[in-house]
Amino acid sequence: GFLEGGLKLCEANPGVSETTIAWFKTKLANVHVVRGELSEATELLNSALVQNPRSYKVHLALAGVAAKEKNWNDVIVHAKRTLEIADSLDAKALIADAQKALGRDADAQKTIEDCHIQYLKEVKLFDSLGKGGPLHVKPIDRQFATFAAAHRVYVQDGLEAAKRDFQNRPDETAHKNLEMLTKLATAEGGAK
């Protein structure tokens, strides 16, 4: 496909940076993950990591593969490396999942709360700067809506993020998040 061809062209061109090649490998690895080809994904990601060891996206992708394989300690290692490079809500969510799977429920709850705090801080910052255009979109909307839907937490904040995300980018992910969070909000409203 496109990514394989792009990777081959990059690797054949001595002027292309290691960082660019690592980016293509990471994107191609994500395709392998979707196909369930986890060993192929891991091989590409490990190669990308050699080329760009400071890429939070490579570390995050390795954490995601480890989660699919239920290698919870590896999830934590790679997600923490991600956080050393970038403040990633996705990495924190993976850590919470790993902590829960390892029976560390109190740690998982604290990490989930950290995700919410990060979301609220970013929303406040963007609002104070007047950023986000006419839809008041926040860069973290997709991540937080996905997190809130998957973990069934912070439903009202997640629903607001999902609504903005859907207006901005009405794709399948946005639709699924909005649908799930609307159902959860309705159920919470009915339970009160």
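Source: prediction; values computed, not measured.
Nearest heavy-atom pair across Gly158 and Ala148 is CA-CB, 3.8 Å. The minimum heavy-atom distance between Asp114 and Lys92, with the atom names listed, is O-NZ, 4.3 Å. Between Asp165 and Ala174, the shortest heavy-atom contact is OD2-CB, 3.6 Å. Pairing each heavy atom of Ala63 with each of Ala79, the nearest pair is CB-N, 3.8 Å. Closest non-hydrogen pair, Asp107 versus Gln99, comes out as O-OE1, 3.1 Å. The two residues Val75 and Ala98 have their closest heavy-atom pair at CG1-CB, 3.9 Å.
Rounding to the nearest 0.5 angstrom, the gap separating the NE2 atom in His32 from the CG atom in Leu38 is 11.0 Å. With rounding to the nearest 0.5 angstrom, the CG atom of Leu120 is 11.5 Å from the SG atom of Cys115. Going from atom CG of Asn52 over to atom NZ of Lys25 covers 11.0 Å, rounded to the nearest 0.5 Å. Atoms NE2 and CG, from His78 and Asn71 in turn, are 9.5 Å apart once rounded to the nearest 0.5 Å. Taking CD from Glu179 and OG1 from Thr182, the interatomic distance works out to 8.0 Å, rounded to the nearest 0.5 Å. Note that NZ of Lys100 and OG1 of Thr111 are 12.0 Å apart. Values are rounded to the nearest 0.5 Å.
Think of Ile95 as one node in a network of Ile, Leu, Val, Met, Phe, Trp and Tyr side chains linked at under 4.5 Å; its network also takes in Leu83.
Take Lys131 and apply the salt bridge (charged side-chain N to carboxylate O under 4.0 Å, His left out) test, not counting sequence neighbours, and it matches no residue. Partners of Glu122 under the side chain to side chain donor-acceptor pair (under 3.5 Å) rule, at least two apart in sequence or in another chain, are Gln118.
Using a 4.5 Å cut-off on side-chain heavy atoms (C-beta onward), Ile85 and Arg81 make no contact. Between Lys27 and Val31, every side-chain heavy-atom pair lies at or beyond the 4.5 Å cut-off. Under the 4.5 Å side-chain criterion, counting only non-hydrogen atoms from C-beta, Asp127 is in contact with Lys138. Side-chain contact check for Leu178 versus Leu159: some heavy-atom pair is nearer than 4.5 Å. At least one side-chain heavy atom of Ile76 sits under 4.5 Å from a side-chain heavy atom of Arg104. A heavy-atom distance below 4.5 Å is found between the side chains of Thr42 and Asn46. At least one side-chain heavy atom of Asn73 sits under 4.5 Å from a side-chain heavy atom of Leu102.
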Take Lys80 and His59 through the test side chain to side chain contact (heavy atoms under 4.5 Å, CB included) and record every step on the way to the result.
CA-CA 9 Å; Lys80 283 187 175 182; His59 286 290; over 6 Å; no
From CA spacing to verdict: salt bridge (charged side-chain N to carboxylate O under 4.0 Å, His left out), Asp141, Arg164
CA-CA 7 Å; Asp141 283 341; Arg164 287 190 304 265; 2.7 Å; yes
Leu60 vs Leu94, side chain to side chain contact (heavy atoms under 4.5 Å, CB included): CA-CA, chis, key distance, verdict:
CA-CA 9 Å; Leu60 184 59; Leu94 284 167; 3.8 Å; yes
May I have the step-by-step check of side chain to side chain contact (heavy atoms under 4.5 Å, CB included) for Gln109 and Asp105, ending in yes or no?
CA-CA 6 Å; Gln109 185 56 41; Asp105 292 347; over 6 Å; no
Take Phe147 and Val153 through the side chain to side chain contact (heavy atoms under 4.5 Å, CB included) test and state the conclusion after the steps.
CA-CA 8 Å; Phe147 164 78; Val153 294; 3.8 Å; yes
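Shown here is Glu37, whose CD atom has more than 12 heavy atoms of other residues, nucleotides or ligands within 6.0 Å.
Each of Leu89, Thr173, Leu181 was scored for a side-chain contact (heavy atoms from CB on, under 4.5 Å) with Thr146, with one residue passing: Thr173. Applying side-chain hydrogen bond (donor to acceptor under 3.5 Å, both in side chains) to Arg142 and the options Asp90, Asp171, Asn177 leaves one that passes, Asp171.
Under the 4.5 Å side-chain heavy-atom criterion for grouping Ile, Leu, Val, Met, Phe, Trp and Tyr, Val33 is connected to Leu62 within one hydrophobic cluster. Residues Ile21 and Leu49 do not share a hydrophobic cluster, clusters being chains of Ile/Leu/Val/Met/Phe/Trp/Tyr side chains in contact below 4.5 Å. Residues Val123 and Ile112 share a hydrophobic cluster, clusters being chains of Ile/Leu/Val/Met/Phe/Trp/Tyr side chains in contact below 4.5 Å.
Side-chain contact of Lys57 with Thr26: a donor-acceptor pair under 3.5 Å is absent, judged by distance alone. Under 3.5 Å, the side chains of Asp97 and His151 contain a donor-acceptor pair of N or O atoms.
Using a cutoff of 4.0 Å between basic side-chain nitrogens and carboxylate oxygens, Lys110 and Glu113 are not scored as salt-bridged.
Phe144 and Tyr119 have parallel rings, their planes meeting at less than 30° on a 0 to 90° scale where 60° marks the start of perpendicular.
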